[in-house]
Amino acid sequence: MAVGTGRWWSGAALQSGAITLVVLLLPICVWLDLRNLSDRNLRNQAETLNRVVNAFRQYYSTNVVSRIMDAGGAAHPTNLYEDRPGGIPIPATLSIELAAALRSEQDSVAYRFVSEYPFANRASHNLTEFERSALRRFEADPVGLAMLTDVSGGLRDRQVTVATPVLMGGGCVTCHNAHPDSPKTDWKIGDVRGIQTFTVSQPLTLNIWSFQWILTYMAFSALVAVAVSTNLFKRAREFQALSRRLIEQNSFLSEVSRVVSKYIPTQVFDAIFRSGAGRGISTERKKLTVFFSDIRNFTATTEQLQPEDLTAILNEYFSEMSAIAEAHGATIDKFIGDAIVAFFGDPTSQGVREDARACVRMAIAMQKRLRELNVIWRDRGYEHPFQVRIGINTGICNVGNFGSESRMDYTIIGAEANLAARLESIAEPGGIVMSYETWVHVRDEVPAQAMEPVRFKGIAREVVPYRWLTDDREVPVVPEDKPAVGQGMTVSIDVADLDGSGRLEIERILVKARDVLRGDKGEG
C-alpha cells in the first residue's frame, strides 16, 4: 500500500508539473506569436508598397515621361494616347492601365476602375454585386459617403475590398462633354464618374503559420493532455481496484467486529474499537460492584435433560440474562459453565452508588424473568427448570487487561470479586444475597434482611450478608392438583390460602429442611 501510495504521489507530482508548465507557456507563446504576426504584417505591407511604387514608377516612366520627351516636351492627355505623338493617358485610362500593371506584378493586391459609362472604344466593365451596390449608394450620396468596405473569402483565403467614388472635376467635365467617344455629354462637376476598388487578398495559411508558437503550444498541450488523461485513467483503475479491496476489507472487518463483539463485553468493545483504549496490558484499581450468579443443582438438572434440550434451554437462559445485563449497563465478564460473572463501574461508571443500584436492579429483573421462563419451560415439558442464586458485592478490585502481548483477557481479580461468589453460595434458590457495602447503597429502595455474620474462606473479615426479601406473591406455585413429588419427597403449598402465621411456619420448615439437606450433602 505504501509503495502504491508513493507511486501515486510521484505520478501526481509529474502531472502537476506538466500542467503548471502548460499554463506558464501560454502567455509566452501568445507574446511570441503576436510579435511574429506583427513582423509578418509589417514585412508584407512593406513588400506590397514596394511593388506598387515600382509598378507605378515603371508605368509613369514608360507611358508619361518617355512619350513627352519623344514629342519634344509637348503633352496631349487623351484616352488614345498611344496613337498620338506626345499623348499621355487621362486619369481614367491611367487608373485602368495601372491596375493591369499592378495585377501583373502581384496577386495579393488588385485595383479596379469601373464605370457604367465607358468610352466608346473600350469594353464595358463587368461590375460585381458589391461594386454595383457601392455605385448606387455613392450616386445617392456622393458627398456624405466617402468609402465602403466588403470582406469576403472562403476556407483557404480572405479578401478585403475598399471602394471609393471617382467624382468629376472641372477639367474632367469639359473633356468628357466635348470628347467624341464620351458616352455622356451632360456631365456636371461632382457627378460620380465611377468607382475605384482596392482589394487585398491573403491566404489563411499565411495567418495560420503566423501562430506557429501557439500551434506548437497546442500540440504540446495535446500531448500533455493525452499523457495526463492516460495517467489519470490508469490511476482511476488503480483507485477502483483499491476501492474494491477496501470495501472487501471493510466488509471482512465488519464481520470480524460483529463476531468479536459477541465475545467481548459491549463497553469493552466500544473502548477498544472506537476510542482505541485498552489495547495493551494494563490494569487499575477501581471500586466496582461485582455480580455472580449460579444455577442451583445444575449438574443434577443436566442429567435429566437430553443434550439438545440442555443446549437450547441454557442458551435461552444466557440470552435472556445477557439482554437484561446490557439493558442495565453491566459489563459481562465471562460465563463459567452455568455461572455468570458481571460487574459495574468499568470501563464506564455512573458513580459507586448508582453502579450498586443498577446491579441490584439487574439481579431482581433477572430473578423475575427467570420465574416467567420457568413457567414457559414447564409448559414445554421440563420438570425441573433452572433456579438461580445470586451474590453481589461492592469493593476495590483490579480491573483491566491480564495476560500476554499475544493473548489478553479483560477481567477483574481480587478478594472482593471472590466475595460475590461466596455470597452466591449461601443464597436461596431464586434469591439474592448482597454484602453490607452493596446494601448500604440500595437500602432505601430494595427490601433486605440482615443474615447471621459469616466467615468465608479467603476473606479476612467477618461478613454480614443481606438477603433480598422477595414478594412471594410473584412466585409461581405448583397447582394443587399437581403437587411437587419425588423420591422421598412430597410438597404441596398453596400460598394464596396461607395467613401470616402459616407463612412463618412454612418458612421455618423450609429453612430447616434446607439446612438439613446442605448438611447431608456437605454444601457450605
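All residue numbers refer to positions in the sequence shown, counting from 1. Keep in mind the model is a prediction, meaning the values are calculated, not measured.
Note that CE of Met321 is 12.5 Å distant from CD of Glu326, once rounded to the nearest 0.5 Å. Rounding to the nearest 0.5 angstrom, the gap separating the NZ atom in Lys368 from the CD atom in Glu372 is 9.5 Å. The distance from the OG1 atom of Thr230 to the CZ atom of Arg235 is 11.5 Å, given to the nearest 0.5 Å. A distance of 6.5 Å separates CE of Met362 from CD1 of Ile392, quoted to the nearest 0.5 Å. In this structure, CZ on Phe291 lies 11.0 Å from NE2 on His328, to the nearest 0.5 angstrom.
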Evaluation steps, salt bridge (Lys or Arg N to Asp or Glu O under 4.0 Å), between Glu416 and Arg461: CA-CA 11 Å; Glu416 300 299 331; Arg461 69 183 187 278; 3.3 Å; yes
Would you check, one step at a time, whether the test side-chain contact (heavy atoms from CB on, under 4.5 Å) holds for Val388 with Ile340? CA-CA 10 Å; Val388 174; Ile340 300 176; over 6 Å; no
Please evaluate residues Phe292 and Leu423 with respect to the criterion side-chain contact (heavy atoms from CB on, under 4.5 Å), reporting the C-alpha separation (whole Å), side-chain torsions for both, the decisive distance (0.1 Å), and the verdict. CA-CA 8 Å; Phe292 194 95; Leu423 292 172; over 6 Å; no
Report the C-alpha distance between Lys286 and Ile396 in whole Å, list the side-chain angles of each, state the deciding distance to 0.1 Å, and finish with yes or no for side-chain contact (heavy atoms from CB on, under 4.5 Å). CA-CA 5 Å; Lys286 283 188 177 182; Ile396 299 296; over 6 Å; no
List the steps and the verdict of side-chain contact (heavy atoms from CB on, under 4.5 Å) for Ile336 and Val341. CA-CA 8 Å; Ile336 307 175; Val341 181; 3.9 Å; yes
Would Asp444 and Arg357 count as a salt bridge (Lys or Arg N to Asp or Glu O under 4.0 Å) here? Give the steps. CA-CA 10 Å; Asp444 58 337; Arg357 286 173 175 265; 2.6 Å; yes
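Nearest heavy atom pair, residue Ser349 against residue Asp355, reads OG-OD2, 2.6 Å. Contact record, Gly337 with Phe318: O-CZ, 3.3 Å, taken as the closest heavy-atom pair. Between Ala450 and Val464, the shortest heavy-atom contact is CB-CG1, 4.4 Å. The two residues Arg389 and Arg296 come nearest to each other via the heavy atoms NE-CB, 4.5 Å. In this structure, Ile426 and Pro465 approach most closely via the heavy-atom pair CD1-CG, 3.7 Å.
Residues Ser322 and Phe335 form a side-chain contact, since some pair of their non-hydrogen atoms from C-beta on lies under 4.5 Å apart. Tyr436 has its side chain within reach of Tyr466: a pair of non-hydrogen atoms, C-beta onward, lies under 4.5 Å apart. Looking only at side-chain heavy atoms (C-beta outward), Val463 and Leu419 come within less than 4.5 Å of each other. Counting only heavy atoms from C-beta outward, the side chains of Thr331 and Thr348 never approach each other to under 4.5 Å. Counting heavy atoms from C-beta outward, His441 and Glu354 have side chains that stay 4.5 Å or more apart. A 4.5 Å side-chain heavy-atom check between Leu288 and Ile412 finds at least one atom pair inside the cut-off. Side chains of Val360 and Trp468 form no contact here, defined as non-hydrogen atoms less than 4.5 Å apart. For the pair Ile390 and Val433, the minimum side-chain heavy-atom distance is 4.5 Å or more.
Taking a 6.0 Å sphere around CZ of Arg361, one finds it holds more than 12 heavy atoms contributed by other residues, nucleotides or ligands. Within a 6.0 Å radius of CD in Glu462, more than 12 heavy atoms belonging to other residues, nucleotides or ligands are found. Surrounding CD of Glu445 are more than 12 heavy atoms belonging to other residues, nucleotides or ligands, all under 6.0 Å away. Other residues, nucleotides and ligands contribute more than 12 heavy atoms inside 6.0 Å of the CD atom of Glu316. Environment of NZ in Lys334: crowded, with over 12 heavy atoms of neighbouring residues, nucleotides or ligands closer than 6.0 Å.
At least one donor-acceptor pair under 3.5 Å links the side chain of Asp338 to the backbone N or O of Ile295. Under a 3.5 Å cut-off, the side chain of Thr438 and the backbone N or O of Met434 do not form any donor-acceptor pair. Judged by distance alone, the side chain of Ser243 and the main-chain N or O of Phe239 form no donor-acceptor pair under 3.5 Å.
With sequence neighbours excluded, no residue forms a ring pair (Phe, Tyr, Trp, His ring centres under 6.0 Å) with Phe344. Gln240 pairs by the side chain to side chain contact (heavy atoms under 4.5 Å, CB included) definition with Arg244, not counting sequence neighbours. Every residue two or more places apart in sequence or in another chain was checked for a ring pair (Phe, Tyr, Trp, His ring centres under 6.0 Å) with Phe130, and none qualifies.
Ring geometry for Trp377 against Phe386 counts as perpendicular: the plane angle is over 60°, on a 0 to 90° scale with 30° as the lower cut.
Salt-bridge annotation for Glu248 and Arg245: absent, with no side-chain N of the basic residue lying under 4.0 Å from a carboxylate O of the acidic one. Using a 4.0 Å cut-off between charged side-chain N and carboxylate O, Glu424 and Arg422 make no salt bridge.
No hydrogens or angles considered: a donor-acceptor pair under 3.5 Å links the side chains of Asp333 and Thr411. Defined by atom type and a distance below 3.5 Å, a donor-acceptor pair is present between the side-chain atoms of Ser435 and Asn393.
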